[in-house]
Amino acid sequence: MPEGPAPAPVIQRLRVRYAKRGRLRFTSHRDISRAVERAVRRAGIPVAFSAGFTPHPKISYAGAAATGVASEAEYLEIGLTETRDPARVRADLDAALPPGLDILDVVPAGTGRAGEAAAKPAAFADRLEASEWRIRLDGVSHDTAAAAVAAFTAAGEIEVERLTKKGRRRFDVRAAVSSCELDRRAAEAADAPCAILRMVVRHSTPAVRPDDILTGLRQVADLAPPSPPLVTRLAQGPLDAATGGLADPLDPDRETGPPSGDGAGADGGARPQPGDAASADAVSA
């Protein structure tokens, strides 16, 4: 057993929403986690460490987007050995990270309903039931994309094949897609002729990724964009079966956790919401 005092216990857990924008979308998850650890040290945030011969900072990630995919809704949880103001942590951590990795929101992890004691916060990953995606297809006309979307949504089942860690697997991508539609307004405002798809995809096993859905569109409608698509995750969170939309997964923590300021951003502006059009435009610019 390693000698020396035991590591300091976790006093506060903070849940963080961050964005992966521009050229940083090509950064691997491992490199992002290293960048976050360095930023935590530079910002002087009192992160807790695990015990053992090789202590690691207690930072965990949930539902990370794949390399090459931009995102406005990535999440991590960090354990602290001292209590810190979430708004200050947001500002300090954002300043220590490179442009393109941007901290959007920080809230203290709730411990359950008001008045109830809990040993640890509920698993945050359980709230991430679905993702909303924005896929820009340069060189594809509106009519071509509309025909492909119609064929996709009309299909009862669309099987694709992909190499996974367990070997090649075939799975149905249609069942995972809650909604799929064209964003004509965004396409008209784009800097080049394109079609833009917006879709809500349930998280499943195996995970259905945007490239799987594009494979399905190619199968049912021969949709083959002339250039690689630009994929952006706009939001992820609980799926509202009635509306088909996504709720903010941090809202339960705001309801049960201690106050974290007035909800304004580090620059004094309103807190950005998952799926904001302004955020999506910033990614694709």
Side-chain angles (χ1 to χ4, degrees), residues 18-29 31-32 63-74 98-102 104 130-155 158-163 173-174 176-202 207-236 244-246 272-285:
Y18 66 97
K20 183 174 63 165
R21 296 169 169 159
R23 299 171 68 89
L24 268 294
R25 68 183 184 273
F26 298 111
T27 306
S28 70
H29 177 65
D31 287 337
I32 287 177
T67 303
V69 174
S71 179
E72 293 294 307
E74 300 296 284
L101 284 180
D102 303 313
L104 305 180
S131 289
E132 181 181 359
W133 298 96
R134 180 179 187 268
I135 304 178
R136 171 169 165 161
L137 306 173
D138 285 308
V140 176
S141 70
H142 175 83
D143 292 343
T144 299
V149 169
F152 184 92
T153 55
I158 303 173
E159 283 197 344
V160 304
E161 186 177 88
R162 189 180 77 221
L163 182 63
V173 297
R174 178 62 187 91
V177 179
S178 176
S179 65
C180 181
E181 60 187 13
L182 285 172
D183 191 338
R184 188 160 194 163
R185 182 181 299 178
E188 291 173 349
D191 55 0
C194 65
I196 294 179
L197 307 180
R198 288 182 72 137
M199 59 187 69
V200 174
V201 182
R202 299 180 186 89
V208 173
R209 307 183 308 204
D211 56 314
D212 297 323
I213 296 170
L214 291 174
T215 299
L217 287 167
R218 185 166 60 248
Q219 288 183 9
V220 300
D222 198 27
L223 179 65
S227 60
L230 176 60
V231 180
T232 303
R233 173 150 57 192
L234 302 179
Q236 57 175 328
L246 299 181
Q273 296 297 316
D276 277 354
S279 297
D281 293 340
V283 174
S284 60

When rounded to the nearest 0.5 angstrom, what distance separates [atom1] in [X] from [atom2] in [Y]?
X	Y	atom1	atom2	value
Lys20	Arg25	NZ	CZ	10.0 Å
Arg185	Ile196	CZ	CD1	12.5 Å
Asp102	Tyr18	CG	OH	11.5 Å
Leu137	Leu217	CG	CG	8.0 Å
Arg202	Ser179	CZ	OG	9.0 Å
Gln219	Arg174	CD	CZ	14.0 Å

[X] versus [Y], closest heavy-atom pair with distance:
X	Y	result
Gly216	Ile158	CA-CG2, 3.8 Å
Ser28	Thr67	CA-OG1, 3.5 Å
Ala73	Gln236	O-NE2, 2.8 Å
Gly244	Val200	O-CG2, 3.9 Å
Ser141	Ala195	O-CB, 4.1 Å
Ala148	Leu223	CB-CD2, 3.9 Å

Heavy-atom distance under 4.5 Å between the side chains of Val69 and Arg209, does that happen here? no
Val201 vs Ile213 side-chain heavy atoms within contact, under 4.5 Å: yes
Exactly one candidate in Leu182, Val231, Asp183 meets side-chain contact (heavy atoms from CB on, under 4.5 Å) with Leu197; the answer is Leu182
Please enumerate all residues that pass side chain to side chain contact (heavy atoms under 4.5 Å, CB included) together with Ser227, with sequence neighbours excluded. Asp138
Taking Leu246's backbone N and O only, do any of them form a donor-acceptor pair with Glu132's side chain (distance below 3.5 Å, no angle check)? no
Could you tell me whether the side chain of Thr232 and the main chain of Leu234 form a donor-acceptor pair under 3.5 Å? no
CZ of Arg184: more than 12 outside heavy atoms within 6.0 angstrom? no
Keeping to residues at least two apart or across chains, list the salt bridge (Lys or Arg N to Asp or Glu O under 4.0 Å) pairs with something in residues 214-235. Glu74-Arg233
